[in-house]
K.L.:
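Handing you this structure, nothing more for now.
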Protein chains: 2
Amino acid sequence: MDRDQTEKDDEASGLGRPTLKTLAFMTGLGVTTVSRALKDAPEIGAETRRRVQLVAKQIGYRPNRAGVRLRTGKTSVISLVLNTEREIMSFVSDIIYGVSEVIADTPYHLIVTPYSRTQDPLDPIRYLVETGSADGVIISRTQPNDPRARYMLERGIPFATHGRTDMGLIHPYHDFDNYAFATEAVRHLAGIGRRRLALLAPPVELTYHGHTLDGFTDALSEVGASEIPFNTVSIDHSIEQIRMRTAQLMRRDVRPDGFVSSAAAATLAIVAGIEDAGLKLGRDVDVVSKQSSDLLHLFRRELLVVNENFRLAGAELARSVLGWIGGATPGSLQSLSKPTGVLAYCRPD
Amino acid sequence: MDRDQTEKDDEASGLGRPTLKTLAFMTGLGVTTVSRALKDAPEIGAETRRRVQLVAKQIGYRPNRAGVRLRTGKTSVISLVLNTEREIMSFVSDIIYGVSEVIADTPYHLIVTPYSRTQDPLDPIRYLVETGSADGVIISRTQPNDPRARYMLERGIPFATHGRTDMGLIHPYHDFDNYAFATEAVRHLAGIGRRRLALLAPPVELTYHGHTLDGFTDALSEVGASEIPFNTVSIDHSIEQIRMRTAQLMRRDVRPDGFVSSAAAATLAIVAGIEDAGLKLGRDVDVVSKQSSDLLHLFRRELLVVNENFRLAGAELARSVLGWIGGATPGSLQSLSKPTGVLAYCRPD
DNA sequence: CCTATACACTGAAACGTTACAGATTGTCAC
DNA sequence: GTGACAATCTGTAACGTTTCAGTGTATAGG
């Protein structure tokens, strides 16, 4: 028995990372008891529980993720799935920080799962689901009929989408109210006398293209302004393309006197295109743009901006996924964020 | 025996994810043999090996990460450690994509480990090392005497730094040649007649502050220009702060006629400050700025820019870490990227 | 005094993988 | 015919965790 004791001693008090076995040895309890004591199981005596938790804290016990994952199948991982070419730059950074913020005091890790232009967007999702690499998934660039959402819904894996779908299926999402953005933009432009408006929209395949367009056209007829079609480019196009098309448009006889732009980088290109055509921002034409960081007003003071907070989106999305994992009903995990109206503050005049 | 067979059948041909057991059952081999066959171990017959690998491919076998990790301690995870407040936006997105690009056809996953202003930068590193959450780590905002690098070097965990240290210790890094950037910038400004130059530097605590400053002052004396001190702000300061300080500086009697700026967003603020003071870019003052995406020339055509490719940095860093994990010597995994000279292309005149 | 029953705890098994120490062949030299 | 040896293959045990099915031991009810 003496010998046994020594062996056990060697094993359990090892200098490596402490495990349940270490704790069991130190407290003189069984591994099972320790495991349950740490998760406040009801059948453990109050004192034992406290004792175990104290020792655990003292020696800095951290459950081995691989052990838990192997046993329970729970990965404690949230995956953020991103397109490596088309994602807005500030979106990537802000959404990551938003998610991080929320999962900071949970055991969750954030893994970034990228996919490229050439890949089926479903590929990374399939990979995640098939290999069981994550407990929850966040996707962006959501489409009205989104195969990824459908797929995950079928497999029962919790997820949240940035942007809504339109398939009659219920799932968590966070979205910016692009309809409101577009209507406010149009109303404002009309308010300062602009009557022929062009919209630089998101790519057609994404849901918020529709929202934006609806808001745009609804407001257009509300204020009695007309649309100058500008469908040859979207915010997914290159800066150069947008600039060139804008310049082309502005050289026509009937040209817009107002723009609504769905992305900040694209707005830079629009302005450049306007100036290429020899016109002046604020005099010949006004531009309302969404932005996610407060930089556009440095670019041209005359720009009208509406802010979309991606960090908030990240936080909301993370909360949604965690909520779903935690058992909440998907329908209760949907949120829409209103544009923060800053249309005025760039025009102090 | 019949009965045994049936039971085994039930277990191994289950409809869940295929495991080694599934493969063993299908091929009629032992689990060990299958395991070794899949990793091309020498003691497995050529035909058996092929057979196993064929079946594995057919049924889409993927090793269970938790199993491997528990058994071997290998996580197949690279962690990118980021400051949630101070990191450059485009840096975050580009470096992630750079890393992704390299680990795409490896079994590695990328996890993002954030830390905030209020935290000791060593905290996330300690967490990663103590919990063994990653096989390799990438850090940014590297300091000359960097406790994180020292810590990881002591623990023997592979890592790479974005930026160099200066502790006489050898480790993989990738850095942009900020000395070259600063000298080229100064030379160019001097070449177009600018004699009183100000530098908007990185924060003092980071290694590349020193590199940038050295390049700046060395080139300054080389071309015989003088420095207008501008140390009250760094590129870490807020846009508003930089703008205000720039305006203040430009209203002085002796004011710079040239700026060197280490970050694109800061450059926007500098230009705004210049214009706040009633001066004109390109006439009263020229600005050379680093940028990571091709947007500054849209902002003001007169801006002089030098490109730093963060995506490349991410790829290099990932290669370094993987190299170290793979057994390469740390000293052979260092790289320095030269500024791509585009100083001219914004001044077609 | 015996039997329920609640209470506090425990050992063994399993998750999927790899490493260790064999086991079963067949071949060859002597 | 025997021993040695290589070539292939296999069972068992471990990694750290949780779950299942208990095991004792008081306390209470009859």
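Residue numbering restarts at 1 for every chain, and letters A, B, ... go by the order of the sequence lines.
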K.L.:
Only counting residues at least two apart or in another chain, list the ones meeting side chain to side chain contact (heavy atoms under 4.5 Å, CB included) with B:A328.
P.N.:
B:S332, B:L333
K.L.:
Does the side chain of B:R319 reach to within under 4.5 Å of the side chain of B:H174, using non-hydrogen atoms?
P.N.:
no
K.L.:
Does any pair with a residue in residues 118-139 of chain A pass ring-ring contact (aromatic ring centres under 6.0 Å, His included), and if so which ones, sequence neighbours excluded?
P.N.:
A:Y127-B:H109
K.L.:
Taking the side chain of B:N64 as heavy atoms from C-beta outward, which of C:dG16, C:dC9, D:dC9 is closest to it?
P.N.:
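Selected nucleotide: C:dG16.
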K.L.:
Starting from C1' on D:dC9, measure out to CZ on B:R49 and report it in whole angstrom.
P.N.:
13 Å
K.L.:
Could you give all pairs that pass the side-chain hydrogen bond (donor to acceptor under 3.5 Å, both in side chains) test and reach residues 152-165 of chain B, with sequence neighbours left out?
P.N.:
B:R164-B:D175, B:R164-B:H211, B:T165-B:H171
K.L.:
Could you list the donor-acceptor pairs under 3.5 angstrom formed between side-chain atoms of residues 28-38 of chain B and any protein atom two or more places apart in sequence or on another chain?
P.N.:
| residue | atom | partner | partner atom | Å |
| --- | --- | --- | --- | --- |
| B:R36 | NH2 | B:E43 | OE2 | 3.0 |

K.L.:
For B:R148, check salt bridge (charged side-chain N to carboxylate O under 4.0 Å, His left out) against everything at least two apart and list the hits.
P.N.:
B:D146
K.L.:
Considering residues at least two apart in sequence or located in another chain, which fulfil the side chain to side chain contact (heavy atoms under 4.5 Å, CB included) criterion with B:N83?
P.N.:
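Counting only residues at least two positions away or on another chain, B:N83 forms a side chain to side chain contact (heavy atoms under 4.5 Å, CB included) with B:E85, B:R86, B:E87, B:Y115, B:R141.
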K.L.:
Taking five pairs at each end, how big is the angle between the two axes of the helix from C:dC1-D:dG30 to C:dC30-D:dG1, to 10°?
P.N.:
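Rounded value for the end-axis angle: 70°.
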K.L.:
Where do N or O atoms of nucleotides 24-28 of chain C meet protein N or O atoms at under 3.5 Å, pair by pair?
P.N.:
none

K.L.:
Respond yes when some side-chain nitrogen or oxygen of B:T19 is under 4.0 Å from OP1 or OP2 of C:dC15, and no when none is.
P.N.:
no
K.L.:
Can you tell me which residue pairs pass the salt bridge (charged side-chain N to carboxylate O under 4.0 Å, His left out) test with a partner in residues 95-106 of chain B, sequence neighbours excluded?
P.N.:
B:E101-B:R311
K.L.:
Which part of the nucleic acid does B:T33 contact within heavy-atom distance under 4.0 Å: base, sugar-phosphate only, or nothing?
P.N.:
base
K.L.:
If you look at every strand shown and take non-hydrogen atoms under 4.0 Å, does A:G67 touch a base, only sugar-phosphate, or nothing?
P.N.:
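Base, at least one base heavy atom under 4.0 Å.
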K.L.:
What residue pairs, at least two apart or across chains, pass salt bridge (charged side-chain N to carboxylate O under 4.0 Å, His left out) with a residue in residues 320-332 of chain A?
P.N.:
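Residue pairs with at least one partner in residues 320-332 of chain A: there are none.
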K.L.:
Taking only residues at least two apart or on different chains, which pairs with a member in residues 46-55 of chain B satisfy side-chain hydrogen bond (donor to acceptor under 3.5 Å, both in side chains)?
P.N.:
B:D40-B:Q53
K.L.:
For nucleotides 18-22 of chain C, print each protein N/O atom paired with a nucleotide N/O atom at under 3.5 Å, atom names and distance only.
P.N.:
| residue | atom | partner | partner atom | Å |
| --- | --- | --- | --- | --- |
| C:dT18 | OP1 | B:K39 | NZ | 2.7 |
| C:dT18 | OP2 | B:S35 | OG | 2.7 |
| C:dT18 | OP2 | B:K39 | NZ | 3.3 |
| C:dT18 | O2 | B:R71 | NH1 | 2.1 |
| C:dA19 | O4' | B:R71 | NH2 | 3.4 |
| C:dA19 | N6 | B:T32 | OG1 | 3.1 |

